[in-house]
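Beneath this line is the structure, given in structure tokens, with notes to follow.
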4 protein chains.
Amino acid sequence: MPPPARPLRADAVRNRTSLLAAAEIEFAQRGSDASIADIAERAGVAKGTVFRHFATKDELVAAVVGGRFTRLAAVADRLLDSPDPGAALLEFLSATAESLHRQDLAFLQTVSEGDPGVAGIRERLHAAAEALVGRARDAGAVRPDVTGTDVLLLVCATVHAVHSVPDPAPDRLPRYLEIITDGLRHPSRA
Amino acid sequence: MPPPARPLRADAVRNRTSLLAAAEIEFAQRGSDASIADIAERAGVAKGTVFRHFATKDELVAAVVGGRFTRLAAVADRLLDSPDPGAALLEFLSATAESLHRQDLAFLQTVSEGDPGVAGIRERLHAAAEALVGRARDAGAVRPDVTGTDVLLLVCATVHAVHSVPDPAPDRLPRYLEIITDGLRHPSRA
Amino acid sequence: MPPPARPLRADAVRNRTSLLAAAEIEFAQRGSDASIADIAERAGVAKGTVFRHFATKDELVAAVVGGRFTRLAAVADRLLDSPDPGAALLEFLSATAESLHRQDLAFLQTVSEGDPGVAGIRERLHAAAEALVGRARDAGAVRPDVTGTDVLLLVCATVHAVHSVPDPAPDRLPRYLEIITDGLRHPSRA
Amino acid sequence: MPPPARPLRADAVRNRTSLLAAAEIEFAQRGSDASIADIAERAGVAKGTVFRHFATKDELVAAVVGGRFTRLAAVADRLLDSPDPGAALLEFLSATAESLHRQDLAFLQTVSEGDPGVAGIRERLHAAAEALVGRARDAGAVRPDVTGTDVLLLVCATVHAVHSVPDPAPDRLPRYLEIITDGLRHPSRA
DNA sequence: TATGAATGAGGTTTCATTCAT
DNA sequence: AATGAATGAAACCTCATTCAT
């Protein structure tokens, strides 16, 4: 049985990777206005090559967002094996926060909202988060009405808030995360 | 020598007001990509008139953001007279959230960050929030390390997060605000 | 009663005219591949100005074709007053041929086919030609089955054919027109 | 030293044939804008293979036009043996018209004008037509001043004209051909 | 030899901004 | 002061052509 779809050429794979990395950086720095030209230059390829890999700028955005989501889902999946459900959720929170903090791409989500591929990946991410939260809920570590989506949105929001302030006080993010996690905890257990 | 700041003609004032209102709507709907042309059309003026009032698109953005901040600061000032500091803070939180929820303009802040006028207004807003929070802190209603800026950022972020999700579950925002306020509360008082 | 739509500014009219003239020349020289940039440069305006007058390249093509058709229809209308129907038709033929010969834009018709404005103008042109042919038919100067459309297509085709040959033998066009007109004549009258 | 013109490998021949056929179809459908990519796909080969056979798009166009001309010349040559010179010319006319009608590639001639190979083939075609016309002229079937080139151009033009009209009235082409042939006939013989 | 990824010039269109009216 | 036409710098995208595999 032959391989289902001939694997990409070596340089094609390299370029695709460079492009996604370059796009992440440019988007993080310049927002959605980052230009294809700049992304291509940073990736060290010609403008047309971008088009070959991603038929449209939106498609590139979707790929970046999808990659981000996939990595977060992988983290969640890995933490499902952790013995302490509450600690696992906290670690997921801080890992997610740190990842988002390094590069805030929240504004991209609006663009990629329509993309069906991204929708599927987000579904997977939310399901993974829900699994984590479910275990923590069963262990009484969080409020009974908290969902995986809630956790994702709140951490994303927190990071975004820290980003929106000009001066980067380094303790802000952990402090805010602590506030959030305190809020998520089961009220009666406090 | 003419008087230093001649008052605007009546119709000029009207146009300025229409423009700010139109800009808020367009920015809320189309994001930062809202075009000057669309804003002008919605305001019922010609494109050139926009530039008579705001030399630059960024200046218009700054004016919109400044207006928003000013209104929020006014709310905070008003609540300083309230007898119950904790309740006043909660009301400020929910009023702010509702205002932001109606029109999420968070993305504009990045653009207007450099503007010195906006910086001053933000300063005023944060000071007003700090006054509210200070009273609540003194009353033991919130953690001792919480600042006015913290409250503003967290509520702003939460609203933004709710906006970023496609399906608009109506109970999300109040639930998240509750989580936030729980997190802000003095831990030992719970 | 005010004028229905404020007249274009003087320079706008000038630019529109220059643009149409420039487009005709560029299209005649380079075919449909004539670029907007070249047309703008020849007209002495910026590229963006083209877009202000014609939202799309196809719209510009349609305007050029429409202008051409309008001028031909005017010629036909004028000849309707001529006393000799047969001579009038011949003159229409040669005038049309000469006009097309100066600038062969046949290839543009395919592009502008979908445009409803052009369709209306073509209708008018064909009707004018039909009126001319009708008079000639009644006078027995042409076959009974010939229509205005026939005459237009045949003369257009003939000119196009002459254009398709590299060496521009100057007597070709009149000779071919003679052949066509001979063919159009009433057989039994020969 | 290898033989000067090594014969093509069997699959290379197959590819060349497929490419020419695909090009004819694509050009007929999309005009000169038909892309190499589409032609390659229709031929079932990769884009790069196109350039192995035809160094340039223009070269491919030239090959298509040349093939067309060659086939027409073969028809003319065959008809030279026909006993009735007038009938032979008429048949050449209608055969040519039908061939062109199936696929109108007139617009390609402009592109291939510069190609020396095409020039030679066109020479051959025109010579063959001239031979046919010469016999008809000697037999008094056509005007004394008509040339082979005339016949070719007029029939080509007529077909093109019929193509340029949106609604495909099926009787137009024969009617126009009749008009043309009437016009070509010796005037005094009518 | 065939493939298809990479190239990069060039196309159309958009839009903030300037300026004649 | 207001208008809207003109400007021109990018933006995105296409496609003939080259070249690594």
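Order of the sequence lines fixes the chain letters, A, B, ..., with proteins taken first and strands second; residue numbering starts at 1 for each chain.
Taking every heavy atom of residues 33-44 of chain A and every atom of DNA chain E, no pair lies under 4.0 Å. Residues of residues 56-66 of chain B that place a heavy atom closer than 4.0 Å to DNA chain F do not occur.
In this structure, D/Leu19 atom CG and E/dT1 atom C1' are separated by 14 Å, rounded to whole Å. Atoms CZ (C/Phe27) and P (E/dG11) sit 12 Å apart, rounded to a whole Å. What separates CZ of B/Arg30 from P of E/dA16 is a distance of 12 Å, to the nearest Å. Protein atom CZ of D/Arg52 is 16 Å distant from nucleotide atom P of F/dT17, rounded to whole Å. E/dA16 atom P lies 11 Å from atom CD of B/Glu26, rounded to whole Å.
Contact annotation for C/Val50: no contact, since no heavy-atom pair falls under 4.0 Å across all strands.
The side chain to side chain contact (heavy atoms under 4.5 Å, CB included) test applied to C/Ala21 returns no partner, not counting sequence neighbours. When the salt bridge (Lys or Arg N to Asp or Glu O under 4.0 Å) test is applied to D/Asp38, the partners found at least two apart in sequence or on another chain are D/Arg30. Listed by chain and number, the residues in a side chain to side chain contact (heavy atoms under 4.5 Å, CB included) with D/Leu72 are D/Thr96, D/Ser99, D/Leu125 (sequence neighbours excluded). Scored by the salt bridge (Lys or Arg N to Asp or Glu O under 4.0 Å) test, C/Asp33 finds no partners at all (sequence neighbours excluded). Legend: residues meeting salt bridge (Lys or Arg N to Asp or Glu O under 4.0 Å) with B/Arg52, ordered by chain and number and at least two apart, are absent. For A/Asp115, there are no side chain to side chain donor-acceptor pair (under 3.5 Å) partners two or more places apart in sequence or in a different chain. Residues satisfying the salt bridge (Lys or Arg N to Asp or Glu O under 4.0 Å) criterion with A/Arg71, sequence neighbours excluded, are A/Glu24.
Contact check, A/His53 against E/dA6: a side-chain N or O comes under 4.0 Å of OP1 or OP2. Between A/Asn15 and E/dA5 there is no side-chain N or O to OP1 or OP2 distance below 4.0 Å. Contact annotation: A/Thr49 does not reach the phosphate of E/dA5 (side-chain N/O to OP1 or OP2, under 4.0 Å).
In this model, no donor atom of one side chain and acceptor atom of the other lie less than 3.5 Å apart for D/Arg122 and D/Gln109. Using modelled atom types, one finds a donor on one side chain and an acceptor on the other under 3.5 Å when comparing D/Asp104 with D/His160.
Residues C/Val64 and C/Ala23 come closest through the heavy atom pair CG2-CB, 3.8 Å.
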Do any side-chain atoms of residues 40-47 of chain A form donor-acceptor pairs under 3.5 angstrom with protein atoms, and if so which ones, sequence neighbours left out?
from	atom 1	to	atom 2	distance (Å)
A/Arg42	NE	A/Glu26	OE2	2.8
A/Arg42	NH2	A/Glu26	OE2	3.1

**Message:** In dot-bracket form, 5' to 3', how is DNA chain F paired? Count Watson-Crick and G-U wobble pairs only if both distances fall under 3.5 Å, and write | where the partner sits on another strand.
**Reply:** .||||||||||||||||||||

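At a cut-off of 3.5 angstrom, counting only N and O atoms as typed in the model, there is a donor on one side and an acceptor on the other between the side-chain of A/Lys47 and the base of E/dG10.
Taking the side chain as every heavy atom from C-beta outward, D/Leu20 and D/Leu60 approach each other to under 4.5 Å. Side-chain contact between B/Leu19 and B/Val50 is present, with heavy atoms from C-beta onward closer than 4.5 Å.
Put simply, CZ on D/Phe27 and CD1 on D/Ile39 are 4.0 Å apart, with the number rounded to the nearest 0.5 Å.
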Using a cut-off of under 3.5 Å, enumerate the N/O to N/O pairs linking the protein to nucleotides 19-21 of chain E.
none

